[in-house]
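Notes follow once the structure below has been shown.
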Amino acid sequence: MERILTPSEIRERLKVLASQAAECTACRLHEGRTQAVFADGSAEADLMLIGEGPGNHEDRQGLPFVGRAGQLLDRLLGQVGLERHQVYIANVVKCRPPNNRDPRPDEIEACKHFLVDQLRLIDPKVVMTMGNFATKLLLKTSVGITRTRGQVYPWWGRVVVPTFHPAAALRSGPAMEDLIRSDLELAVQTIQEQRAADPQPEPLSDIGEALQEEVAGQLGLFE
Ligand code: SF4
């Protein structure tokens with residue numbers, strides 16, 4: 001059994017992974033990137049948000065969700081009592097797909113070990129998948145986000161709460177913003193319930209290889 005890491009050890013490991021992503025040439029997405037976009041936020045977060053891939057602003061600034069969709073996300077987080085530095089934000093792929101197309105199966109395959117390691121190190125109580133792409137990958141489902149959102153899904157002793165991608169809310173308007181806010185409230189409430197029910201759950205990092213294989217299998221859904 002792997003021992004539980006201290007927060008500074010987790011930060012150190014995440015830093016090493018970010019450096020590896022910065023140098024990574026394992027898929028064609030490295031060709032068009034300005035820089036890899038590894039993550040933002042706290043290594044001790046109870047809530048981990050997962051999007052699809054970096055866009056133009058993210059590619060230039062090296063941080064996830066910093067364009068208009070990111071500003072909306074920050075505002076919605078604030079409305080449920082959270083700030084960006086209290087959550088952990090990452091994407092399925094770390095380099096910007098050209099013209100913001102969906103990542104391809106071989107790109108997901110090449111990049112998935114970064115996301116698996118992020119999940120194991122952060123070990124969040126709740127994973128919030130944002131948009132169809134991340135939701136279908138993690139939940140291994142073909143059901144669209146409109147029908148999956150607003151619910152909690154057990155996942156490796158933790159919980160996945162899917163919601164719309166903030167970019168979709170920018171296109172659709174305030175009604176979708178309300179739904180994302182409601183899903184964030186559900187995530188916060190679920191975190192509080194999990195803390196009360198089991199203050200010291202088995203760490204994801206202890207699950208080791210089994211999690212690695214299972215998540216890898218789920219992330220290979222589009223193969
Ligand atoms: Fe490497 Fe992932 Fe970037 Fe592809 S998307 S080059 S696998 S870091």
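A quick note: this is a predicted structure, and the numbers were derived from the prediction, not measured. Whatever order the structure lists them in is the order used to number ligands and atoms, beginning at 1.
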> Near Ala110, which atoms of ligand 1 are under 4.0 Å from a heavy atom of that residue?
Replying inline: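 Heavy-atom distances to Ala110 below 4.0 Å select 7 (S).
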> Which ligand 1 atoms, with their elements, are less than 4.0 angstrom from a heavy-atom of His30?
Replying inline: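 Near His30, meaning under 4.0 Å from one of its heavy atoms, ligand 1 has 6 (S).
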>> Taking side-chain contact (heavy atoms from CB on, under 4.5 Å) as the criterion, tell me which of Val126, Leu73, Asp40, Leu82 meets it with Val87.
In response: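 Filter result, single survivor: Leu82.
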> Would you say Glu58's side chain and Val66's backbone share a donor-acceptor pair under 3.5 angstrom?
Replying inline: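 It does hold such a pair.
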How close does the nearest protein non-hydrogen atom get to [atom], and which residue and atom is it?
atom                    : value
atom 4 (Fe) of ligand 1 : Cys27 SG, 2.3 Å
atom 3 (Fe) of ligand 1 : Cys95 SG, 2.3 Å
atom 2 (Fe) of ligand 1 : Cys111 SG, 2.4 Å

> Does Cys24 bring an N, O or S atom to within less than 2.8 Å of atom 1 (Fe) of ligand 1?
Replying inline: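 Yes - counting backbone and side chain alike, Cys24 has an N, O or S atom under 2.8 Å.
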>> Do the side chains of Arg13 and Asp117 get close enough for a salt bridge, i.e. N-O under 4.0 angstrom?
In response: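 Result for this pair is no, no salt bridge flagged.
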>> Atom CD of residue position Glu23 - does it have more than 12 heavy atoms of other residues, nucleotides or ligands inside 6.0 Å?
In response: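 Result for CD/Glu23: open.
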> Does atom CZ of Arg28 have more than 12 heavy-atom neighbours from other groups under 6.0 Å away?
Replying inline: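 Yes - once you tally the heavy atoms of other residues, nucleotides and ligands closer than 6.0 Å, there are more than 12.
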